[in-house]
Amino acid sequence: MNVGVRESLKLSRNNVLFSYIILLLLLIITALCSTIINNLDLKCFLSFMFYQIVFIILPGMSFNLVFKKSIVNAFFSYVVGYALSIILYFPSMILSIDYTLIRIISFCICLIPIINFSYNKKRNNNKIIENKNSSFICISIFIFSLMIFFISLILFNGNNISPEITQGNYYNHDFMFYISNAVSATKGFPIETISTSGNILFYHYFSSLALADASLITKISVIDYVVCYSYITNAIMLAASTIFLLTRVIQKKAVIILCAVLILFNTGYENFSIITYVSHIYANPFGYNIGVVFANMTIIAFIKSLKEKTINISSYIYFVLFFIICCGAKGPIAAVISGGIGITCLINLFGSIKFNNT
């Protein structure tokens with residue numbers, strides 16, 4: 001291996017390692033802030049961090065090692081790990097065995113590709129994928145995640161105050177439905193509507209499954225987890241998926257930042273609607289923000305598949321995974337995405353669409 005290639009691989013490893021450091025730093029900062037502000041004890045913070053690392057980040061990394069045969073950006077692994085937590089909810093709950101035990105077994109299985117990769121480190125030195133703007137992507141995600149987090153801390157947490165602070169209950173109307181779906185998901189599957197017990201719930205509840213999964217493993221109550229920690233994950237994934245999508249289609253960094261600001265913080269013309277974009281994303285998302293995250297990831301996977309000259313099964317696996325979570329998180333968003341993809345495929349029957357970076 002010549003010096004140039006060796007130095008390039010070393011830089012790639014450092015950039016990927018940098019993304020994991022940034023992600024962990026982001027989780028620590030946001031979780032500590034929320035724990036202190038919401039008057040929770042240190043045990044909750046440690047449980048949250050343990051869950052994020054063991055049941056979100058590492059499974060996402062393992063999945064990428066299996067299907068991408070490589071170590072990729074930490075934030076991409078984080079989004080994939082979140083999707084897997086929803087998928088793994090179903091066998092874990094349906095098997096009617098101890099939920100945490102099943103998830104621990106699934107985690108042990110996820111360790112196999114990671115151990116194999118580490119054991120064959122020399123052979124896998126070239127199996128590290130990084131974006132050419134890796135540092136820019138990580139720093140941008142870090143900044144936008146913090147911005148979204150602090151906005152959510154004020155709008156979402158301020159709108160749904162934890163009982164630990166008020167010694168009572170004060171929750172937004174829609175928030176109660178969000179909580180009840182997650183609570184019901186911790187009790188078994190299929191999920192029932194708590195307000196009308198016995199009726200099976202069919203209303204895009206995938207984000208509630210992720211909350212139930214986190215609550216069951218961390219032993220933090222659903223209400224505390226949703227009010228104090230849920231928007232941390234949402235902030236990171238929303239920022240990451242937006243930056244990933246923009247860097248996929250735009251080259252100029254200044255334009256990427258401008259577009260990210262417009263997408264994440266601009267409500268547009270919504271005077272005709274009581275429920276605004278800001279409300280959907282920050283104040284009372286009810287899974288809408290998760291739908292947006294996986295809509296972005298679906299588009300990224302779709303664009304990647306269109307650019308490939310040969311059929312790549314792994315690209316379609318990611319596409320299907322992201323689209324399934326998008327459908328389950330918020331059906332109307334998935335309907336728009338499927339319509340756009342359908343039109344694109346129809347056009348491709350008579351020609352070809354080229355996605356060039358602008």
Side-chain angles (χ1 to χ4, degrees), residues 18-38 45 48-49 52 56-57 73-79 82 131 133-162 172 175 207 210 225-250 252-268 270 275-297 300 329 333:
F18 177 68
S19 71
Y20 280 90
I21 293 173
I22 289 293
L23 175 57
L24 288 175
L25 181 62
L26 190 57
L27 286 168
I28 291 171
I29 292 172
T30 53
L32 267 179
C33 284
S34 192
T35 300
I36 294 170
I37 290 172
N38 287 286
F45 166 76
F48 173 79
M49 289 301 302
Q52 295 296 308
I56 299 293
I57 298 175
N73 184 286
F75 292 96
F76 186 85
S77 295
Y78 189 73
V79 175
Y82 179 91
N131 189 289
N133 295 320
S134 180
S135 297
F136 168 75
I137 289 173
C138 290
I139 293 171
S140 298
I141 293 173
F142 180 80
I143 294 172
F144 278 105
S145 294
L146 285 180
M147 293 170 65
I148 296 171
F149 167 75
F150 285 112
I151 290 173
S152 299
L153 193 64
I154 296 169
L155 291 181
F156 179 77
N157 201 356
N159 204 29
N160 305 287
I161 302 173
S162 175
N172 181 277
F175 179 77
S207 60
Y225 193 91
V226 175
V227 173
C228 305
Y229 294 120
S230 66
Y231 46 84
I232 295 175
T233 301
N234 299 346
I236 293 173
M237 294 200 301
L238 190 59
S241 65
T242 302
I243 297 297
F244 284 151
L245 179 59
L246 292 174
T247 53
R248 173 70 64 173
V249 297
I250 300 173
K252 294 182 179 180
K253 295 178 180 178
V255 179
I256 291 172
I257 297 299
L258 175 61
C259 290
V261 171
L262 292 175
I263 291 172
L264 295 172
F265 307 115
N266 180 40
T267 65
E270 294 182 333
I275 305 299
T276 63
Y277 180 78
V278 170
S279 176
H280 272 311
I281 292 292
Y282 300 114
N284 197 26
F286 211 151
Y288 180 88
N289 46 13
I290 302 301
V292 171
V293 166
F294 286 96
N296 291 340
M297 299 305 294
I300 292 169
I333 296 176

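Hydrogens, waters and symmetry mates play no part in the numbers below; they use all other heavy atoms, side chains included.
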To the nearest 0.5 Å, how far apart are [atom1] in [X] and [atom2] in [Y]?
| X | Y | atom1 | atom2 | answer |
| --- | --- | --- | --- | --- |
| Ile56 | Thr233 | CD1 | OG1 | 6.5 Å |
| Ile236 | Phe149 | CD1 | CZ | 9.5 Å |
| Ile300 | Phe76 | CD1 | CZ | 7.5 Å |
| Gln52 | Ile232 | CD | CD1 | 7.5 Å |
| Leu238 | Asn296 | CG | CG | 7.5 Å |
| Leu146 | Leu153 | CG | CG | 11.5 Å |

Pairwise side-chain contact, [X] with [Y], heavy-atom cut-off 4.5 Å (strictly under):
| X | Y | result |
| --- | --- | --- |
| Ile57 | Tyr20 | yes |
| Val292 | Ile333 | yes |
| Ile263 | Leu245 | no |
| Phe244 | Ile141 | yes |
| Ile250 | Cys259 | yes |

Look at the aromatic rings of Tyr229 and Phe48 and report parallel, tilted or perpendicular, splitting at 30° and 60°.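 Rings of Tyr229 and Phe48: parallel, under 30°.
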Would you check if the side chain of Ser34 reaches a backbone N or O of Thr30 as a donor-acceptor pair within less than 3.5 Å?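 Flag not set: sc Ser34 to bb Thr30 has no pair under 3.5 Å.
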Donor-acceptor contact below 3.5 Å, side chain Ser241 vs main chain Met297: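 Not a single qualifying donor-acceptor pair exists.
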Which atoms form the tightest heavy-atom contact between [X] and [Y], and what is the distance?
| X | Y | value |
| --- | --- | --- |
| Ala74 | Leu23 | O-CD2, 3.8 Å |
| Ser19 | Cys138 | CB-SG, 3.3 Å |
| Thr35 | Phe45 | OG1-CB, 3.7 Å |
| Ser207 | Tyr82 | CA-OH, 3.9 Å |
| Ser140 | Phe136 | OG-O, 2.7 Å |

Candidate list Leu262, Val255, Ile256, test side chain to side chain contact (heavy atoms under 4.5 Å, CB included), partner Leu258, passing option: Leu262
Using the rule given for side chain to side chain contact (heavy atoms under 4.5 Å, CB included), can you reason through Ile243 versus Phe144, listing the C-alpha separation, both sets of side-chain angles and the distance that settles it, and then say yes or no? CA-CA 9 Å; Ile243 297 297; Phe144 278 105; 4.1 Å; yes
If you apply the rule side chain to side chain contact (heavy atoms under 4.5 Å, CB included), what do you find for Ile148 with Tyr231, and how did you get there? CA-CA 9 Å; Ile148 296 171; Tyr231 46 84; over 6 Å; no
